[in-house]
**Q** 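Take a look at this one; I'll ask things after.
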Amino acid sequence: MDRAAGCPFDPPPELRSRQEEGPLTRVRLWDGSTPWLVTRYAEQRALLGDRRVSADVTRPGYPSPARISGGSSIGFILMDDPEHARLRRMVTAPFTVRRVEAMRPDVQKIVDDLIDELLAGPKPVDLVEAFALPVPSLVICRLLGVPYDDHEFFQDNSKVVIRRDATPEQRAAAVGRLAAYLDGLVGDKLAAPGDDLLSRLAERVKAGELSRQEAGQMGVLLLIAGHETTANMIALGTLALLEHPDQLDLLRSADDPQLIAGAVEELLRYLHITHNGRRRVALEDIEIAGQVIRAGEGLILANDIGNRDPAAFPDPDRLDLRREARHHVAFGFGVHQCLGQSLARMELQVVYGTLYRRIPTLRLAADLERIPFKHDGSVYGVHELPVTW
């Protein structure tokens with residue numbers, strides 16, 4: 001389901017209808033399977049935190065959005081504990097709140113330097129290419145130890161991985177190219193380690209705690225997740241704010257870090273950008289909301305409509321930057337909650353707290369109807385965002 005028929009910031013109308021019908025309804029997938037679609041916030045949180053629910057894509061009944069190719073796995077997010085926990089622990093340290101906050105001055109400089117380039121360059125300009133993509137790409141490259149000069153290569157292949165109309169073979173080939181690239185970097189770090197996450201993974205490989213293939217897979221996952229989602233939130237968040245000038249005025253004049261942090265949470269709730277939902281399969285029978293989910297049945301947790309559940313967020317279709325929205329499920333919930341959420345929050349706080357203040361007359365350089373939205377991807381956003389000032 002896509003959002004093409006309605007407001008570009010809202011979930012598909014069919015999801016709203018399903019939510020009104022009940023928290024769990026059946027849907028039919030491409031392979032004829034009929035998993036449960038979970039549309040209400042309380043049931044999503046309950047199931048995401050339930051150990052009787054598996055994220056393992058290889059289990060029978062897992063509701064895959066497309067045919068799975070054997071070479072397309074990109075790491076521990078599609079595994080269960082204890083293997084999920086073992087691998088995740090190896091990359092947790094750089095993403096703690098304390099370590100992320102220590103990066104804030106560097107991220108502020110990245111943002112300010114890119115804005116300087118915007119102001120000195122021609123206009124109109126595509127904010128996606130000139131700003132939204134470079135900010136998180138530069139950040140994740142520095143954190144991982146990936147050369148930013150290679151950004152076109154990894155961005156192009158990342159787009160194939162998350163494109164909904166890519167064939168399993170195309171997706172597997174793109175993952176393979178990225179895995180080979182990261183494997184080469186891990187090899188470089190084995191020979192000459194630096195102060196970065198790939199070097200720490202290389203140390204694990206040298207110590208026999210991690211295979212080189214696992215290290216490469218983890219690098220692919222972190223590289224894709226570290227720039228694609230945040231880049232789309234920067235661009236789509238900017239567009240949403242330009243379309244809600246009262247809210248943009250509030251943020252532009254804000255000098256309270258707490259207001260900016262709260263605005264980030266509300267934009268994450270309002271724009272939740274993952275299109276495919278979080279997918280799980282039941283390991284045991286689970287009774288919830290008057291239904292029994294049988295062992296082996298699939299679950300699709302549509303977090304975008306969960307974040308618009310009026311029982312959790314009154315008047316949910318209104319963008320309100322003063323709303324208390326931190327309990328949203330944009331980053332999931334439970335043991336598989338997004339590893340990089342602290343980093344994403346900090347980057348968005350810096351961007352949303354800086355861009356509109358430094359370019360107060362920022363505006364669209366094209367009609368909203370001409371903006372190309374990413375209805376073709378599992379991560380929602382805009383392909384281009386022409387702006388001027």
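As the structure is a computational prediction, the values presented were derived from the model and not from experiment.
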**Q** Might you point out which heavy atoms bring Arg16 and Pro316 nearest each other, and give the distance in Å?
**A** NH2-CG, 4.1 Å

**Q** Can you list the other members of the hydrophobic cluster that holds Leu299, where links are side-chain heavy atoms under 4.5 angstrom apart?
**A** Leu24, Trp36, Val38, Leu47, Leu48, Val53, Ile286, Ile288, Ile293, Leu301, Phe333

**Q** Is the Phe373 ring parallel, tilted or perpendicular to the Phe9 ring (thresholds 30°, 60°)?
**A** perpendicular

**Q** Specify the closest pair of heavy atoms between Phe313 and Gly306, including all atoms of both residues, with the distance to one decimal.
**A** CE1-O, 4.1 Å

**Q** Are side-chain heavy atoms of Val27 and Pro35 found at a separation under 4.5 Å?
**A** yes

**Q** Can a donor-acceptor pair be found, under 3.5 Å and without considering hydrogens, that links the side chain of Gln247 to the backbone of His244?
**A** no

**Q** Could you list all the side chain to side chain donor-acceptor pair (under 3.5 Å) pairs where at least one residue sits in residues 150-160, not counting sequence neighbours?
**A** Ser137-Gln155, Asp150-Tyr181, Asn157-Arg177

**Q** Looking only at atom types and distance, does a side-chain atom of His227 sit under 3.5 Å from a main-chain N or O of Leu223, one as donor and one as acceptor?
**A** yes

**Q** Using only heavy-atom distances, determine whether the side chains of Gln44 and Asn303 contain a donor-acceptor pair under 3.5 Å.
**A** yes

**Q** Looking at Glu228, is its backbone amide N or carbonyl O close enough to the side chain of Asn232 to form a donor-acceptor pair, meaning the two atoms are under 3.5 Å apart?
**A** yes

**Q** Just do the side-chain contact (heavy atoms from CB on, under 4.5 Å) check on Val139 and Asp106 with the steps written out, would you?
**A** CA-CA 9 Å; Val139 172; Asp106 289 338; over 6 Å; no

**Q** Check Leu114 against Ala130 and note the closest heavy-atom contact, atom names and distance.
**A** CD2-O, 4.0 Å

**Q** Is it the case that the side chain of Thr25 and the backbone of Glu21 share a donor-acceptor pair, with hydrogens and angles ignored and the cut-off at 3.5 Å?
**A** no

**Q** Please set out all donor-acceptor pairs under 3.5 angstrom arising from side-chain atoms of residues 257-266, sequence neighbours excluded.
**A**
from: Glu265; atom 1: OE1; to: His328; atom 2: NE2; distance (Å): 2.7
from: Glu265; atom 1: OE1; to: Arg345; atom 2: NE; distance (Å): 3.3
from: Glu265; atom 1: OE1; to: Arg345; atom 2: NH2; distance (Å): 3.1
from: Glu265; atom 1: OE2; to: Arg326; atom 2: NH1; distance (Å): 3.4
from: Glu265; atom 1: OE2; to: Arg345; atom 2: NE; distance (Å): 2.6
from: Glu266; atom 1: OE1; to: Arg269; atom 2: NE; distance (Å): 2.8
from: Glu266; atom 1: OE1; to: Arg323; atom 2: NE; distance (Å): 3.1
from: Glu266; atom 1: OE2; to: Arg269; atom 2: NH2; distance (Å): 3.0
from: Glu266; atom 1: OE2; to: Asp320; atom 2: N; distance (Å): 2.9
from: Glu266; atom 1: OE2; to: Arg323; atom 2: NE; distance (Å): 3.1

**Q** Quick one: does Arg252's side chain have a donor or acceptor within less than 3.5 Å of a partner on Pro360's backbone?
**A** yes

**Q** Just by distance, do the side chain of Thr167 and the backbone of Gln170 share a donor-acceptor pair under 3.5 Å?
**A** yes

**Q** Hey, are the side chains of Tyr380 and Leu271 touching, using non-hydrogen atoms and a 4.5 Å cut-off?
**A** no

**Q** Thinking salt bridges, do Glu101 and Arg98 make one under a 4.0 Å N-O criterion?
**A** no

**Q** Under 3.5 Å, is there a donor on one side chain and an acceptor on the other for Arg28 and Thr34?
**A** no

**Q** Indicate yes or no: at least one non-hydrogen side-chain atom of Pro63 is less than 4.5 angstrom from one of Glu297.
**A** no

**Q** Using only heavy-atom distances, determine whether the side chains of Thr238 and Tyr352 contain a donor-acceptor pair under 3.5 Å.
**A** no

**Q** Arg171 side chain to Ala166 main-chain N or O, any donor-acceptor pair under 3.5 Å?
**A** yes

**Q** When rounded to the nearest 0.5 angstrom, what is the spacing between NE2 in His383 and CD1 in Ile371?
**A** 12.0 Å

**Q** Considering non-hydrogen atoms only, spot the tightest contact between Leu144 and Gly219 and give its length.
**A** CD1-O, 4.2 Å

**Q** Does one side chain, of Ser33 or Asp31, offer a donor that lies under 3.5 Å from an acceptor on the other?
**A** yes

**Q** Indicate whether any N or O donor in one side chain lies under 3.5 Å from an N or O acceptor in the other, for Arg18 and Thr39.
**A** no

**Q** My understanding is that only one of Val125, Leu239, Leu236, Ile234 makes a side chain to side chain contact (heavy atoms under 4.5 Å, CB included) with Leu385; could you say which?
**A** Leu239

